[in-house]
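What follows is a single structure, written as structure tokens, with notes after it.
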Amino acid sequence: MKKQALLVFSAVVLAMVAGCQKDETTSRDADLAGVNVAVGEKKGAFSKLFVLNEGNFQKNNSTLDFLRFSDGNYVSDAFGSMNPAVVQGLGDTGNDLALNNGKLWLVMNGSGYVHVLDAKDETLLASVAVPDPRYIAFDNSHAYVSSYAGAIYGGDEVKGKVYRIDLKTYKVDGEVEVGSQPEGVVVSDNSLYVANSGGYNYVHEKTVSVIDLSTFKVVGTLEVASNLHYMAADGQGHIWVSSYGESSWSQDSEGNWIQSMSEPMGLYRASYYSMPRVVQAVKDVHVSCMTKAGEYIYAIGNAAEMTGGYDNTLYKIGIRDMSVTATSLSKTDAAKVGNPYGICVAYETGDIYIADADYTGPGKVWCFTKDLKEKWSAVAGMLPAHMALY
Amino acid sequence: MAFLLLGTVAAAQEMADTLRASVVSSVSGSLLTPQRITSERLGTVTGVSEAIRRFTGVQVRDYGGVGGLKTVNVRSLGSEHTAVFVDGVQISHAQNMQVDLGRLNLEGLTSISLFSGQKTSPLQSAKEYSSASALYLESAGPVFSRGRRDNLKLSLGAGSFMTLTPGLSWEHLFKSGVSARISTDAVSSKGEYRFHVHDFRQYPDGTVAGYDTTMTRTNCDLTSIRAEALLFSPRSGDASWNIRAYFYGSGRGLPGPVYKKGGDYPLSLDRQTDRDAFLQGRYYRSLGDIWSVAGRAKLSFNHLEYTDFPELLPEGSPARYNYRTHSAYLSGSAMARISDVFSLNIAQDVQYDYLDADLRGFAFPGRFSSWSSLSARAGVGSVEASVTLLYLGVWDTFLTAMSRSGAYRDALMPSFVVRWDAAERLSFNGLAKRSYRMPTFNDLYYTIVGTKTLDPEDALQFGLGAEWGLVHSGSSDLDVKVDAYRNRLKNKIIAVPTSNQFRWSMYNLGVVEILGVDLSADYSIKIGRGECGAIVRYTFQQARDRSDREALTWGGQIPYIPVHSGSVNVFGDLSGWRTDITLFATGERYTTSANLPAYRLSPWTTLDAAISKNLSIHGNDLTLKLCLNNLLNEQYEIVDNYPMPGFNCHFAVLVSWR
């Protein structure tokens, strides 16, 4: 029917990586050399920090890096090194990565693939085609991937979907329609919560779709706030969701573009199944990236965004009492971070990893202590954004 | 004393000759001599961009394929700093200042000339002083055999990518001495080609692993038609003029970059339709011994329709954007030859551009530009120099939330050129020039992305050159040309994210320092009635990013500029047979100024050959032409993820009755 843009005629693998005969206890990726950033946390809870570099739009240069804690080496493009015969590598625009049961899942938005890797040595186990995928979440039997599926900027309103992938067969075995341009997804109490952004529409969406995982059907929606994005679940029956707020662009008398916010950006805590339903706003939190670690949600955002200034701030929010500790990065070692694009926190040590995107060249990954003292930094790939500890 | 006198007389004679020549062509009589390819050599290439590739100091950016965008970047200043002139009138594009060389046709051209730095010809327009470098396409006036009033030329070409190129041209000589040419040609091409995607990596233990796969480039079809009518003044008389009416229409697929794509979805279904039309004329007249005047005018209209199909049919609906550019241009120039060794050239150009687009919140910008130039040229003995002062004022109006608003930008561009004819066939030249390129409509007014307060880009050029006719006997010639230059580009307009990381905006942040050397050696020898020769060219470009001292990009080679590039061309011409073989080589490049191995683009080498045969049958000409491109089937990319075609060929038959 539809013609393929690319027809693969032949794939010739000229040679395979040597060094497969290592004993079982060492990972095959132990041979990969990297740049030493001298951390040496051999006794830590984690062996690796995975970093997914988004890469530039349609440049096919998304890469997977990792920091190996045992020797403090930062290894660039580990996927490419461990899977040299995979045509066109990881692909285009990595938008999410998540660990589940020893497998590393990478969501490739531009390429329309979800890759499943062995987290131990980054070897590719499966690539599942999912159109326009965004974020991923898991329950015991399935992975759930939000997808824009067919929407195009400036086009008519198109509903997005959630695709369900069987964890045993790595095949899509279900899909369900949700709101427009769904972003973050999270599983809590046998339900999947999906943040609908409506990001392509003139008026954004305000809802979280709630899917019952036994039936894989939308059972209802929660109205939260405009342009929802990141999600987390706290295990206390609440879900947490960030909002980019509602803004509009207009021009002043000189013709400069001005963003005016009719609804502030922020973070919300909500529950669908409690009676009555609860949606609470966490005040004055600006979220451009967010992660949950232990009893806290960590977020970074520009506190001066409304006035067009720069004041990148780290927010630490207690999931039980909704307390907020805000620290302006400018007063700490993290002032060196140019453009915080992703965050990850090791909850045992409180170490904070920040992905720093440069828009003209490769980005960096920074590690700070919980008091934002610098521990190390490493040169990453293009637009490092998503991280996970293994 | 006698020598000096002789020198000035010779200079005066030369001036008179160049003035006469400039009546026929706008590229003669410049102090700095251009790189030039003339009509007989143009017969051995398939397109304008192929011809320009042979110049030194030049990088042609090519997105690959028949319909792929092709632009020229001279001495690493960026393609917006090179103006393209057709018969002395600029092809301007206020929206993005990019001229697609792929759309220009070789048919009817007598020469392609590249002036790196400053062109200083008699009676040139003010605009011609304003760009950092300038490319000139000159069309030939019709030539009629004795007693003939009509020439007819038919051509038919066919080649790789399922390409068909028919053409027709008719020339007529009116009784008044005015001649006309009407020509039309078309390109129809499926455009698809196979290419290799490959990546191999070497491991510390010496093993090599990777992949090499063949894919097919699709959605790169092109259908275009060009039609034009020209009127030329009679060859005798004090005045000379020509008028050109031009239409170009095309529809093409935009294949976009190659990247990994799952689920059997096409990489791109985007399409672009263009309709370009213009009417232009130029007029020269000599008014006695001292004064001569010239006028130029142009009216043009471009319509670009971009159809952005959703990647996943049929869920979404297609988006459609239309851009319409209207422009009008008028220029007057006068030259006074005050003495045999001193002349003044004054010129005033005005232009109005307006862009209409169906984008939400569009600014509908209009731009009134005025160029005023004063140029003095003086010769003392064997030294000749020219000083030019150019003032450019640009008044933009645009729609804001409330009303139409305005902004004024201006720039003063001084330049100095000197040439010393040290010996009969040895000359040295020097150049100092400051030029500015105004922000484009896209830079300024693109919805949300554009920044209305941008300054012009600032290009400073210093150059020294030498030309030496080493061998000049009756049968053989060897000419060597060396140029060294130091350029600095400031206030380069680049896109960066704002305080809101989802909104990118344009800023004057880039700084580039360029050190370059161009070398060329041109040898030819006559053997009996034939001729053969070789041309070797080499370009060295060190173009360092000096934008941000703290960044990884500091000091790196800027994207897509090779440090080393060059070509070797061998040609032979014997009893109507002409062969031409060219080897192009380009060194490694980087896709970002952070020159790390991950962002390196491999060097490439291509070999092109052309064979043509001229036959004369009862006074009529039959030409057979075969172009074989990329004979080595090199798999390479000029732009990252835009693969170039491998081996391809084009065969054409031209018949002319005259």
Side-chain angles (χ1 to χ4, degrees), chain A residues 2-19 33 58-60 76-77 80-81 84-85 87-88 91-92 110-113 127 129 131 149-152 154-156 158 249-251 253-257 259 288 302 305 308-310 339 358-362 379 381, chain B residues 194 197 199-201 203-205 207-216 218-219 256-268 308 310-313 315-319 361 363 398 400-402 405 448 452-453 494 496-497 499-501 503 551-553 592-594 596 598 640-641:
Chain A
K2 205 181 307 166
K3 270 198 158 179
Q4 267 179 261
L6 298 171
L7 288 173
V8 180
F9 286 102
S10 64
V12 186
V13 183
L14 293 196
M16 277 307 295
V17 203
Q58 294 192 344
K59 284 280 189 165
N60 206 61
S76 294
D77 192 17
S81 299
V87 173
Q88 293 175 306
D92 190 70
S111 286
Y113 273 118
S127 289
I152 182 128
D156 292 342
V158 175
W249 290 96
S250 59
Q251 288 173 287
S253 57
E254 254 119 51
N256 298 309
W257 288 98
Q259 187 181 23
S288 66
N302 180 5
E305 190 160 14
Y310 291 88
N339 205 328
D358 185 303
Y359 290 88
T360 52
V379 175
Chain B
R194 289 190 191 185
V197 180
D199 185 21
F200 290 92
R201 54 189 77 207
Y203 292 84
D205 64 359
T207 52
V208 173
Y211 61 88
D212 187 344
T213 291
T214 311
M215 294 185 177
T216 301
T218 57
N219 194 40
V258 171
Y259 59 96
K260 187 166 183 151
K261 192 82 175 172
D264 292 348
Y265 293 111
L267 275 174
S268 170
D308 178 10
E311 303 287 21
L312 306 174
L313 301 166
E315 289 106 320
S317 65
F398 48 86
T400 63
M402 316 292 164
S405 190
I448 296 178
K452 300 228 168 46
T453 49
I494 51 176
V496 271
S499 59
N500 175 341
Q501 67 182 11
R503 183 206 162 196
L552 282 167
T553 49
T592 145
S593 302
L596 298 171
D640 194 22
N641 294 330

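We name chains A, B, ... by the order of the sequence lines, and we start the count at 1 in each one.
- Across all their heavy atoms, B:T592 and A:G361 have their closest contact at OG1-CA, 3.7 Å.
- Heavy-atom pairs under 4.5 Å with chain B peak, among A:G91, A:G110, A:A33, at A:G110.
- Here the closest non-hydrogen pair linking B:K260 and A:N60 is N-OD1, 2.8 Å.
- Looking only at distances, a side-chain donor or acceptor of B:Y211 sits under 3.5 Å from a matching main-chain atom of A:Q88.
- Here the shortest heavy-atom pairing between B:A209 and A:P84 reads CB-CG, 3.5 Å.
- Annotation for B:A551 and A:D358: closest pair CB-OD2, 4.4 Å, computed over non-hydrogen atoms.
- Note that the CD atom of A:Q58 and the CG atom of B:N641 stand 9.5 Å from one another [nearest 0.5 Å].
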Check against side-chain contact (heavy atoms from CB on, under 4.5 Å), A:V379 and B:L552: CA-CA 9 Å; A:V379 175; B:L552 282 167; 3.8 Å; yes
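- Taking each heavy atom of B:Y259 and A:S111 in turn, the nearest pair found is CD1-OG, 4.5 Å.
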